[in-house]
Amino acid sequence: MHRTPAGTAAGMIVETEAYIGEDDPACHAAPGPTRRNAPLYGPPGIAYVYLNYGIHYLVNAVTEADGHPAAVLIRALSPVEGLALMRKRRGEEVAEHDLCRGPGNLTKALGISLSENELDLMSSRLTIEDRGCEVVAVSRGPRIGIRVGVDKPWRYWVTGHPSVSGRVIK
DNA sequence: GAATGGATTGTCT
DNA sequence: GACAATCCATTCA
């Protein structure tokens with residue numbers, strides 16, 4: 001969830017992708033430590049936000065895998081709180097299940113930008129909480145939207161959820 | 001200070 | 001299903 005002066009917006013994560021280690025060609029840590037991916041080398045549990053295609057902010061949860069830098073890209077949410085605020089940011093005509101469908105769209109709906117980079121996901125205004133959830137079917141498959149490392153089946157999503165992006169691979 | 005490219009999206013056929 | 005738009009931050013000189 002993300003708390004801003006404009007209000008709070010939150011959703012349940014329904015789609016993620018894993019980017020693990022410098023050996024993963026699609027991971028931002030692949031070129032080695034740089035200024036941009038510095039958060040990946042920081043402590044687990046912080047946010048890693050960056051601008052993609054000059055237009056979309058993507059948000060990751062930094063983790064750690066056997067000492068290697070790793071992150072989980074949040075690709076889609078099921079809107080839970082702050083629907084009106086999300087529409088204000090995305091457009092009044094946007095359908096509920098489209099508000100946070102896709103990594104670029106969800107950051108826009110939640111109002112996340114570079115200023116949210118490196119925030120502590122446990123105790124800042126941007127958090128990921130375990131609120132428990134109903135047991136649902138989860139699918140796994142190849143990652144999408146990237147040019148390298150597509151062979152790794154590290155994309156996970158809630159089976160059949162309307163907010164899941166994935167028009168490239170079904 | 002200039003060049004480069006991308007973990008996307010939306011629109012068209 | 002395919003392709004082009006978009007453009008800032010990062011990178012490199």
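Order of the sequence lines fixes the chain letters, A, B, ..., with proteins taken first and strands second; residue numbering starts at 1 for each chain.
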Can you check whether Ser165(A) has a side-chain N or O nearer than 4.0 Å to OP1 or OP2 of dT8(B)?
-> no

Are any of Arg75(A)'s side-chain N or O atoms less than 4.0 Å away from OP1 or OP2 of dT8(B)?
-> yes

Calculate the interatomic distance between Glu15(A) atom CD and dA7(B) atom P; express it in whole Å.
-> 15 Å

Rounded to the nearest angstrom, tell me the gap between atom CG in Asn117(A) and atom P in dA7(B).
-> 17 Å

Compute whether any side-chain donor of one residue and acceptor of the other, for Ser78(A) and Ser163(A), lie under 3.5 angstrom apart.
-> no

Would you call Tyr53(A) stacked on dG5(B), i.e. ring centres under 5.5 Å apart with the planes less than 30° off parallel?
-> no

Rounding to a whole Å, what distance do you find between Leu51(A):CG and dA9(C):P?
-> 6 Å

Mind checking who dT10(C) pairs with, Watson-Crick or G-U wobble, both distances under 3.5 Å?
-> dA3(B)

Show your working on side chain to side chain contact (heavy atoms under 4.5 Å, CB included) between Glu129(A) and Met122(A) and close with a plain yes or no.
-> CA-CA 8 Å; Glu129(A) 303 168 4; Met122(A) 300 298 285; over 6 Å; no

Here the gap from Arg75(A) atom CZ to Trp157(A) atom CH2, rounded to the nearest 0.5 Å, amounts to 10.5 Å

Could you check Arg36(A) against Gly54(A) and say which one's nearest nucleotide on DNA chain C is further toward the 5' end?
-> Gly54(A)

Here the distance between atom P of dC8(C) and atom CG of Leu114(A), to the nearest Å, is 12 Å

Interatomic distance at P, dC12(C) relative to dA7(B), whole Å | 16 Å

SB check Asp24(A) Arg143(A) (cutoff 4.0 Å) = yes

Answer with base, sugar-phosphate or nothing: what part of the nucleic acid does Asn105(A) contact at a heavy-atom distance below 4.0 Å?
-> sugar-phosphate

Interatomic distance where OH belongs to Tyr57(A) and P belongs to dA9(C) [whole Å] | 6 Å

First encountered from the 5' end of DNA chain B, between Gly104(A) and Arg147(A) | Arg147(A)

Would you kindly give the OH-to-P distance between Tyr19(A) and dG6(B), to the nearest whole Å?
-> 13 Å

Establish whether the base of dA7(B) is bridged to the side chain of His56(A) by a donor-acceptor pair shorter than 3.5 Å.
-> no

To the nearest angstrom, the OH-P distance between Tyr50(A) and dT11(C) comes to 12 Å

Do the side-chain N and O atoms of Ser165(A) and Glu15(A) include a donor-acceptor pair separated by under 3.5 angstrom?
-> yes

Whole angstrom is fine here: how far is it from CD1 in Ile74(A) over to C1' in dT8(B)?
-> 17 Å

